2 protein chains.
Amino acid sequence: MTQFINKREDIVAEAIDGLVAASGGKLARLDGYPHIRVVVRADWNKSKVAIVSGGGAGHEPAHAGFVGKGMLTAAVCGDVFASPSVDAVLSGILAVTGPAGCLLVVKNYTGDRLNFGLAAERARAFGLNVRVVIVDDDIALPDLPQARGLAGTLFVHKIAGALAENGADLAAVSAAAERVIAGTYSIGMSLDTCTIPGVPKEDRIPRGKAELGLGIHGEAGVDQVDYLDARGAMAMMAEKLSHYMPKGKKHVVLLNNLGGASVLESMVLARELSTSAIADRAAFMVGPASMMTSLDMRGFSVSVYAANEEDLAALKSPVASSAWPGIHELAAPKLRELPDGLKPIRPLASLHAPTREFITRCCQILIAAEADLNALDARAGDGDTGSTLATAARALIAALDDLPLADHTQLFRAIGLELSQTMGGSSGVLLAIFFAAAGDATSSGVSLTDALQAGLKRMQEIGGAKPGDRTMIDALEPALAALSKDGVKAAATAARQGAKNTATMAKAKAGRSAYISADHLIGHVDPGAEAVARLFEQLAAG
Amino acid sequence: MTQFINKREDIVAEAIDGLVAASGGKLARLDGYPHIRVVVRADWNKSKVAIVSGGGAGHEPAHAGFVGKGMLTAAVCGDVFASPSVDAVLSGILAVTGPAGCLLVVKNYTGDRLNFGLAAERARAFGLNVRVVIVDDDIALPDLPQARGLAGTLFVHKIAGALAENGADLAAVSAAAERVIAGTYSIGMSLDTCTIPGVPKEDRIPRGKAELGLGIHGEAGVDQVDYLDARGAMAMMAEKLSHYMPKGKKHVVLLNNLGGASVLESMVLARELSTSAIADRAAFMVGPASMMTSLDMRGFSVSVYAANEEDLAALKSPVASSAWPGIHELAAPKLRELPDGLKPIRPLASLHAPTREFITRCCQILIAAEADLNALDARAGDGDTGSTLATAARALIAALDDLPLADHTQLFRAIGLELSQTMGGSSGVLLAIFFAAAGDATSSGVSLTDALQAGLKRMQEIGGAKPGDRTMIDALEPALAALSKDGVKAAATAARQGAKNTATMAKAKAGRSAYISADHLIGHVDPGAEAVARLFEQLAAG
């Protein structure tokens, strides 16, 4: 699959430049391109312990995205999935280390151990106080003495970063980092491999399978397991992790998107984690978020750590990086009762013979037009305008006994409600809005014709159609304007003229006929406008 | 492609539960599952203007992820890419609207307009003060009067949310929202379609093409364009947007990941945006981040808005949602000079005949063993241990004239530096660490044998190998222990015994032979251990 990159060899430098440019001046980089790619805090004065991390690229936002007050002081970036050189690491150390010294947080991969390790030796030869901690949180390979470093590294970055920011000395920061490392356990799962720039994508995981126990460099997982759904996937992860989570201890769980799961999926995974077999021990959650990714891998990892009070305070302390999603107490979702008023209170029915007669007449006109309107609609839509209106008209007649016929405000609102429940599609909602808004208007004392105008206005606002868009508005708008001034006969004439005009409109701009070409539209009246014209014409004819 | 979901009809409810569970009590949801899926601020007391938004799911973190103090008061969620019902929207409005009223922020899609619009009417019938604004920031279809609502909606959420939080009344909040909408323009591009749960993935975009001007519901883009690289892609977007960005005005640009671009790619895109043809007008950036996604679509959108001072203050104000990435001034990346010390200062050469003779002897022993060690390594590795050591030995002999032979501390460090530059692979770095640490130790006045022990200790720390792991450590560790106590002959005996023991080790636990099965290892001595044994044996033999 193509990716949003330029030349492969420039990816990391360009990504860093993007990060630094968009940091609002909070970050800087060392002037060592192309080989030395180091991001540093721009506000750093070497007065406290520096926290330096890094490794191969492809794990963004790790590590450069976590540089900022309260977390990393510098990040040293290699090529995609390749350790940075000794010189690059040394540059990072020298650039940020002052008298308080420096902690190197290294993920447990041979290349990183060696390059960071040798750089630390070189830095020590300058008289700098440098300590190295190696993160090995992976539990996928229990027999391997050198477990890999995964997203649990974030716990180390955050806790060490917070302590350093608070002025702890190097011994204290290192001891805390070692304690966190000793208590952090991670495992990952993926449904697909990642796309390494410039390398053909490996289709290793068949449909219906997932890889459990994978690293963050595209290496194969320890097991290919059957994949059914998110719940089953999280259950497998929870089972693995549960052996490392003593009951009764409050753990922080970190839910890391490996880069390619959608945000929607990651929220579902958060739900599954919060209801999994380890939920009783999961007191806090970091994420879900993309923190330690493997490029675009559709996978996730869960890291757990039984944090003490000092750790929790450190995890909660503020940080200048927006990539750190914060830590939150995990709890069953809070529920709020549904508000009153969803079941509309139907107004008491009332009698008013002329109104009843008038509504019945309107409905009969629309029912009589059913076949003609359907035929017109068949040219530009799905041929159901007549039936939609007739069905609603029949339902309204059937409801007459229950309507508050003597109260215009209540009646308009009741008609709106009736239409919203009996008339399908957009037109049902639009007419419901028309009558509801008309009801609102009469409640503030305006005339009936003004109330209808208010309904038209609101319907246009919500529906977005204007005169000329080839809709019922083209008849209704001139009709209502004429009605206010000159009465129903004038309204009928205006409506008919408006409807006629729609036959000259080559392009519908709202509703379904927006997708129909001009050839099919020219010469034919819009069925909605025709319905309005017929209604006014026949009302005017008495 | 399989996804991390359970039953398709449960996705949205489960995702909301995940979000709310992990919100640390900041969010709640209405108790209306399965049809009413509304997320609300848990701390809301209806004392200010409520901001309600929503729409179909599939755009996470929008909209529910932006609920929180300073942004949305409630979000109403439909199914994936489907508008929520009138009842659901009405629930959201009723749940959060107090005397100060409510602003509904609606993206311009027919379903959303109608359902939110009718819900607003119903809420008004309760006497609530509700206003509706329709976001239509898409510029992909310049002829369409009803432009779609895209990620520019985030500007509206943030600015209206901040004003409401600061106590502005509904008229002021609505006016600001209308102003933002009038000035916001967006366009999107994608390299692939999104995967809609339960729907076979449409492979619409051929390799080498991109779709420009797309929506956020999987609909096709307006144009299929040739795709070369990130720079070209951003140039096309910038050209389209430039027509809406008057020169001399300071714009905010929002860089939105449509869900499937990796974080690394999004950083490259940020760089391209910050150096594009519209960079002169782009004063601030929001993102890059996944804000208004289209499930897992590998695409991005750029939204621009010429913010005034009041808008900027609103965009910068704090917000309780971690999904909002903040706004930062956009500037060329700050550079820092490379630190001094990367070019190691070579100590002045000095003479010391016995030391010169000793080093030469050691090197000659290793050079003579080249073929034998290669043969041993061919069984368990890539057959180059002998050559690697011999090459380094030859280089060291060649460098003798330049070494500080008379000063142990300087000499150890210089040998370490020499090896790190002439000896490839892990072993070069490990021996460099060994000698650098030994130099460090002698500088603090310990004996030579103790210094060598210090080197061994550091090499083990960094390399991670322990005795028994089938490495050179298995010979070196007993040899140095014996050397301290009983001299070089004892060291030779111990080294040989240690080397012999490696032939019984069925599993290498460090280095390349960790990947080799026991059958190939048993009965063969590790080549690194053999090198150490030969060195001590021949030194002891005089």
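Reminder, nothing fancy here: chain letters follow the sequence lines and each chain counts from 1. Worth saying up front: this structure is predicted, and the values here are computed from it rather than measured.
Contact annotation for A:K209: neither backbone nor side-chain heavy atoms come within less than 4.5 Å of a heavy atom of chain B. Using a 4.5 Å cut-off between heavy atoms, B:D440 contacts chain A through its side chain alone, with no backbone atom that close. The part of A:I36 that comes within reach of chain B is its side chain, from C-beta onward, which places non-hydrogen atoms under 4.5 angstrom from that chain. Only the side chain of A:E272 comes within contact range of chain B, with at least one heavy atom under 4.5 Å from a heavy atom of that chain. If you measure heavy-atom distances from A:S23 to chain B, the contacts under 4.5 Å come from the backbone alone. Looking at A:D10, there are no atoms closer than 4.5 Å to chain B (heavy atoms on both sides), in backbone or side chain. With a 4.5 angstrom heavy-atom cutoff, A:N6 touches chain B via backbone and side-chain atoms both. With a 4.5 angstrom heavy-atom cutoff, B:V86 does not touch chain A via any of its atoms. Using a 4.5 Å cut-off between heavy atoms, A:V38 makes no contact with chain B at all. The part of A:V40 that comes within reach of chain B is its side chain, from C-beta onward, which places non-hydrogen atoms under 4.5 angstrom from that chain.
Of the listed residues (A:A331, A:A332, A:S420, A:G32), the one with the most heavy-atom contacts under 4.5 Å to chain B is A:A331. Taking A:V12, A:V106, A:T409, A:L330 one by one and counting their heavy-atom pairs under 4.5 Å with chain B, the maximum is reached by A:L330. Comparing B:P197, B:A64, B:C194, B:G25 by heavy-atom pairs within less than 4.5 Å of chain A, the highest count is held by B:G25. When each of B:P339, B:A270, B:S262 is scored by its heavy-atom pairs under 4.5 Å with chain A, the top score falls to B:P339. Chain A forms the most heavy-atom pairs under 4.5 Å with one residue out of B:V80, B:I16, B:V132, B:L264, and that residue is B:L264. When A:S322, A:S274, A:A28 are compared by the number of non-hydrogen pairs under 4.5 Å with chain B, A:A28 comes out ahead. Interface remark: of the candidates A:V20, A:V268, A:T275, A:V268 forms the most heavy-atom pairs closer than 4.5 Å to chain B. Interface check for chain B: of the options A:E329, A:M234, A:R29, the most heavy-atom pairs under 4.5 Å are formed by A:R29. Most heavy-atom pairs under 4.5 Å with chain A, from the set B:A57, B:A42, B:A233, B:S290: that is B:A42. Among B:P61, B:G208, B:A13, the residue making the largest number of heavy-atom pairs under 4.5 Å with chain A is B:P61. If you tally non-hydrogen atom pairs under 4.5 Å between each of B:T293, B:L269, B:L19, B:L417 and chain A, the highest count goes to B:L269.
Within the 4.5 Å cutoff, side-chain heavy atoms of A:L342 are placed close to those of B:L90. Residues B:N108 and B:R113 meet the side-chain proximity criterion, which asks for heavy atoms closer than 4.5 Å. For the pair B:T195/B:L295, no side-chain contact is recorded, criterion being any heavy-atom separation below 4.5 Å from C-beta on. When side chains are defined from C-beta on, A:L30 does not count as touching B:E337, because their heavy atoms never get closer than 4.5 Å. Counting heavy atoms from C-beta on, the side chains of B:F116 and B:I93 never come closer than 4.5 Å.
Cation-pi geometry between A:R298 and A:F300 is not met at under 6.0 angstrom from the ring centre and within 45 degrees of the axis.
Using a cut-off of 4.0 Å between Lys/Arg side-chain N and Asp/Glu carboxylate O, B:E14 and A:R231 are scored as salt-bridged. Of the charged side-chain nitrogens involved, none lies within less than 4.0 Å of a carboxylate oxygen, so that B:D31 and A:R336 do not count as a salt-bridged pair. Comment: A:E121 does not engage B:R413 in a salt bridge, judged by the lack of any side-chain N to carboxylate O separation of less than 4.0 angstrom. Ion pairing between a basic and an acidic side chain is recognised when a charged N comes within 4.0 Å of a carboxylate O; A:D87 and A:R122 show such pairing. The pair B:E461-B:K466 fails the salt-bridge criterion, with no side-chain N (NZ, NE, NH1 or NH2) lying under 4.0 Å from an Asp/Glu carboxylate O.
The heavy-atom pair separating A:G117 from B:I433 by the smallest distance is C-CD1, 3.8 Å. The two residues B:S266 and B:N257 have their closest heavy-atom pair at CB-ND2, 4.3 Å.
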